[in-house]
Amino acid sequence: MERALIFKEWVKTRMVFFISLGLAVCIGLYTVAMMNRLIELKGVEHLWLIMLLKDNTFIDMIKYVPLLVGLAVGVAQMAPEMAQKRLKLTLHLPYPQRRLVGLMLLTGLAELLTIYLVQALIIMVYDFRILPSELVGRVMLTTLPWYFAGFTAYLFVTAICLEGTWKRRIVLSLLAIAVLMMYFLQPAPEAYNGMLILIIITVVLLTVLSFGSIIRFKEGRQD
């Protein structure tokens, strides 16, 4: 049963997954190519100086990519459930509801994690070739809130799509905008390091919210 449910989610999202993966890889490679071009023109020492003195991590291009990917995967996974009324049938399967909801969310989160890890590895592997470990850590910690923004966007889309009333959907949409803006307010590298625990708590709470939306959907539509 678990394999069938996971495969169902994969069928809905596989096209968006591969497009998003291709986009993430291309932008990651382009970011690396820009850094390599600067090194060829002015040397690696010049790159280090810019990173140290001007707080430039050369990764601004990927800033909103995780957010867009999270939105796309969430819509691809949950919109058909509502538009075609599949969720009501799915929740009537002889399978524990919370475990079913967990499989749905874990499938989407696993796809996002795969995309983000591939992009992060492209940047990290290249950076380790030309930068000291301290600077590599600085670059990766700068990207971390952006990836958390992608997970947050996915969970908000899930909750909004599965919410039963338009009033609650509007409230959730406004809350989503407010929360997601927090990930992009500070432009300086590593600006959010002191808030990582708060960010993780936010993602956990949004996961609980997604569970609650599906359970309310079920309870409000009992035959």
Taking the side chain as everything from C-beta on, heavy atoms only, tell me whether [X] gets closer than 4.5 Å to [Y].
X      : Y      : answer
Asp127 : Leu135 : no
Phe151 : Leu113 : yes
Thr31  : Met34  : no
Val139 : Phe58  : no
Met51  : Arg138 : no
Leu21  : Val69  : no
Gln119 : Ile62  : yes

Applying a strict under-4.5 Å side-chain criterion to I, L, V, M, F, W and Y, I'd like to know whether [X] and [Y] cluster together.
X      : Y      : result
Leu71  : Phe156 : yes
Val125 : Tyr147 : no
Phe18  : Leu68  : no
Ile19  : Ile115 : no
Val171 : Val179 : no

### Task
For Phe17, enumerate each residue passing the ring-ring contact (aromatic ring centres under 6.0 Å, His included) test, keeping only those at least two apart in sequence or located in another chain.
Trp10
Enter the distance from [X]:[atom1] to [Y]:[atom2] here, rounded to the nearest 0.5 Å.
X      : Y      : atom1 : atom2 : result
Leu172 : Arg169 : CG    : CZ    : 10.0 Å
Leu49  : Glu45  : CG    : CD    : 8.0 Å
Thr143 : Met124 : OG1   : CE    : 9.5 Å
Ser133 : Met140 : OG    : CE    : 13.5 Å
Ile160 : Ile170 : CD1   : CD1   : 10.5 Å

Can you see which heavy atom on [X] is nearest to which on [Y], and at what distance?
X      : Y      : answer
Thr107 : Glu9   : CG2-CB, 3.6 Å
Tyr154 : Met104 : OH-O, 3.6 Å
Val16  : Ala76  : CG2-CB, 3.5 Å
Leu67  : Ala153 : CD1-CB, 3.5 Å

### Message
Is there a side-chain contact (heavy atoms from CB on, under 4.5 Å) between Met78 and Leu105? Walk through the geometry before answering.
### Response
CA-CA 10 Å; Met78 295 303 174; Leu105 294 179; 4.3 Å; yes
### Query
Are Gln77 and Thr158 linked by a side-chain donor-acceptor pair shorter than 3.5 Å?
no
### Query
Is a donor on one side and an acceptor on the other found under 3.5 Å between the side chain of Tyr116 and the backbone of Pro66?
yes
#### Entry: Check against side-chain contact (heavy atoms from CB on, under 4.5 Å), Val11 and Phe7
CA-CA 6 Å; Val11 168; Phe7 181 73; 3.5 Å; yes
### Task
State which residue, out of Val32, Leu47, Val136, fulfils the side chain to side chain contact (heavy atoms under 4.5 Å, CB included) condition with Ile130.
Leu47
